[in-house]
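Here's the structure, in structure tokens; my notes come after.
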Amino acid sequence: MVNYWLMKAEPDTRIVMGKDVKFSVDDFEKINITPWEGVRNHVAKLKMKYMKIGDKVLFYHSNCKVPGVAAIAEVHREAYPDHSAWDPTHPYFDKKTKEEKPTWYMVDLKFSRRLPHLVPLVLLKHIATCSHSDLSQIRASSPSPDSSSSAEGLSYLTEEDLASIKTMQVLDRSRLSVQDVTEPAFNAVIKLGDTGGWEGFRFPKPPKGQNAGKRKKGKEPEEDGGDDDEDKEMVESQASSSRKKRKGRQEKPSMEPESTSVGEEEGSSKAVDNPKEESAPSKRLTRSSSRRM
């Protein structure tokens with residue numbers, strides 16, 4: 001059985017402990033296979049431990065000017081201990097974990113292909129507010145040459161596509177860097193990325209009150225406060241359940257503000273997976289392709 005996931009990386013340069021944690025779709029495409037090291041969140045780690053070879057992944061650009069899905073990947077190697085946690089020179093070194101009793105795990109991902117159109121978070125959030133009849137109003141003001149959509153806007157999405165997008169965790173729990181995705185939602189995002197049709201569209205701002213949870217810049221609450229003992233209990237209790245029942249069970253509500261237009265930063269995505277460092281990004285990456293070590 002193939003499962004579907006969304007995993008985040010930062011496409012822009014950011015220095016942590018003297019190392020650049022940048023990992024963009026260009027970096028990923030160049031090296032083809034990469035270990036997903038540096039995750040320091042128990043919920044995200046648990047999700048990776050359930051991944052199987054061949055599972056499909058939406059590769060997501062986060063903490064950048066236009067956050068969104070940029071490419072497709074697949075799981076190439078199942079979870080194994082994350083050795084970067086024992087490396088004192090690594091940006092996400094964890095002195096509490098021991099090699100003989102690993103706390104953190106990682107998987108290897110293999111690049112599949114980039115999407116012709118990056119699917120921005122603001123588009124997914126706007127689609128989630130629409131009825132199917134509204135989709136025809138989301139159309140490009142200046143269609144790109146490679147856009148295969150017509151004057152009917154995004155009406156090429158089906159009712160099932162629309163319903164599945166509305167269930168995506170990235171819409172309201174987007175601080176977590178590893179997320180479950182349903183197969184219909186995965187296929188709907190791929191359809192958007194392959195077809196396009198919203199170029200130049202001005203997304204309306206969310207209704208007043210919709211951003212009630214918006215926070216000022218500064219220290220973010222931890223996405224996961226569990227320790228390793230809690231995580232162990234979580235693994236044991238969830239191992240006997242189906243993956244559907246496991247989805248998002250241990251996640252806490254996101255405090256991330258709504259995006260209102262393409263180009264707006266994903267303001268609360270910092271410090272998603274690293275409870276030790278305020279400036280940590282929503283994915284704990286120093287991929288081997290772009291590692292300056």
Side-chain angles (χ1 to χ4, degrees), residues 5-10 13-24 27-28 31 33-53 55 57 59-60 62-63 73 75-110 175-180 219-236 238-239 246 250-252 269-293:
W5 310 91
L6 181 148
M7 299 177 76
K8 297 182 177 183
E10 285 186 271
T13 290
R14 192 170 70 83
I15 305 301
V16 179
M17 287 179 57
K19 316 292 184 182
D20 192 351
V21 297
K22 161 187 178 294
F23 189 69
S24 69
D27 298 319
F28 196 2
I31 62 167
I33 296 174
T34 182
W36 208 260
E37 84 278 11
V39 172
R40 301 294 180 260
N41 173 279
H42 290 283
V43 176
K45 176 194 70 175
L46 183 62
K47 291 177 185 295
M48 290 196 295
K49 289 178 77 171
Y50 285 123
M51 292 180 181
K52 301 297 182 185
I53 292 174
D55 279 3
V57 177
F59 178 77
Y60 182 98
S62 185
N63 196 24
V75 176
H76 183 73
R77 180 182 177 184
E78 293 174 13
Y80 60 101
D82 182 352
H83 52 73
S84 70
W86 316 317
D87 179 0
T89 69
H90 193 280
Y92 304 111
F93 168 64
D94 181 1
K95 64 182 179 181
K96 292 184 179 180
T97 187
K98 305 297 181 185
E99 188 170 353
E100 59 272 16
K101 189 181 179 182
T103 299
W104 306 111
Y105 285 77
M106 60 185 176
V107 296
D108 287 357
L109 294 187
K110 183 177 182 179
R175 291 182 61 247
L176 191 63
S177 69
V178 180
Q179 304 180 2
D180 308 19
K219 186 174 181 180
E220 292 294 331
E222 296 175 12
E223 179 71 33
D224 172 57
D227 59 22
D228 197 40
D229 290 335
E230 291 172 337
D231 178 59
K232 189 180 299 182
E233 292 176 5
M234 185 160 52
V235 172
E236 291 172 355
Q238 292 192 1
R246 287 196 303 265
Q250 298 301 320
E251 295 173 21
K252 294 181 180 179
S269 64
K270 293 184 180 178
V272 176
D273 283 345
N274 192 348
K276 297 182 178 181
E277 184 174 352
E278 246 178 71
S279 62
S282 56
K283 61 261 104 218
R284 316 283 47 102
L285 308 180
T286 49
R287 299 288 150 256
S288 53
S289 64
S290 56
R291 187 182 296 155
R292 274 80 164 163
M293 295 188 181

(Q) Has E78 got a side-chain atom pairing as donor or acceptor with I53's backbone, closer than 3.5 angstrom? (A)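 Yes, E78 side chain to I53 backbone: donor-acceptor pair under 3.5 Å.
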
Q: Mind telling me whether F28 and F59 have parallel, tilted or perpendicular rings, with 30° and 60° as the class edges?
A: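 Answer is tilted, since the angle falls between 30° and 60°.
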
From [X] [atom1] over to [Y] [atom2], what is the distance, rounded to the nearest 0.5 angstrom?
| X | Y | atom1 | atom2 | result |
| --- | --- | --- | --- | --- |
| M106 | D82 | CE | CG | 5.0 Å |
| Q179 | M7 | CD | CE | 10.5 Å |
| M48 | D108 | CE | CG | 10.5 Å |
| D180 | K47 | CG | NZ | 3.5 Å |
| W86 | H83 | CH2 | NE2 | 8.0 Å |
| I33 | L109 | CD1 | CG | 10.0 Å |

In chain order, what residues pass the side chain to side chain contact (heavy atoms under 4.5 Å, CB included) check against [X], with sequence neighbours excluded?
| X | value |
| --- | --- |
| A85 | R40, D94, T97, W104 |
| K98 | E100 |
| I15 | T13, D20 |

Q: Step by step, work out the side-chain contact (heavy atoms from CB on, under 4.5 Å) result for V39 and E37.
A: CA-CA 6 Å; V39 172; E37 84 278 11; over 6 Å; no

With a 4.5 Å limit on heavy-atom distance, are the side chains of [X] and [Y] in contact?
| X | Y | answer |
| --- | --- | --- |
| V107 | Y80 | no |
| V57 | L6 | no |
| M51 | V178 | yes |

Q. If you draw the axis of the six-membered ring of Y105, does the NZ or CZ of K49 fall within 45° of it and under 6.0 Å from the ring centre?
A.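 The answer is yes; both the distance and angle limits are met.
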
Q: Quick one: closest heavy-atom pair of V75 and K52, and the distance?
A: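 Closest pair (atom of V75, atom of K52, distance): CB-O, 3.3 Å.
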
Q | For the student: nearest non-hydrogen atoms of G38 and S84, plus distance | A |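 Smallest heavy-atom distance, with atoms named: N-OG, 3.7 Å.
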
Q: Verify whether one side chain among D55 and W5 offers a donor that lies under 3.5 Å from an acceptor in the other.
A: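 There is such a pair (donor and acceptor under 3.5 Å, judged by atom type) between the side chains of D55 and W5.
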
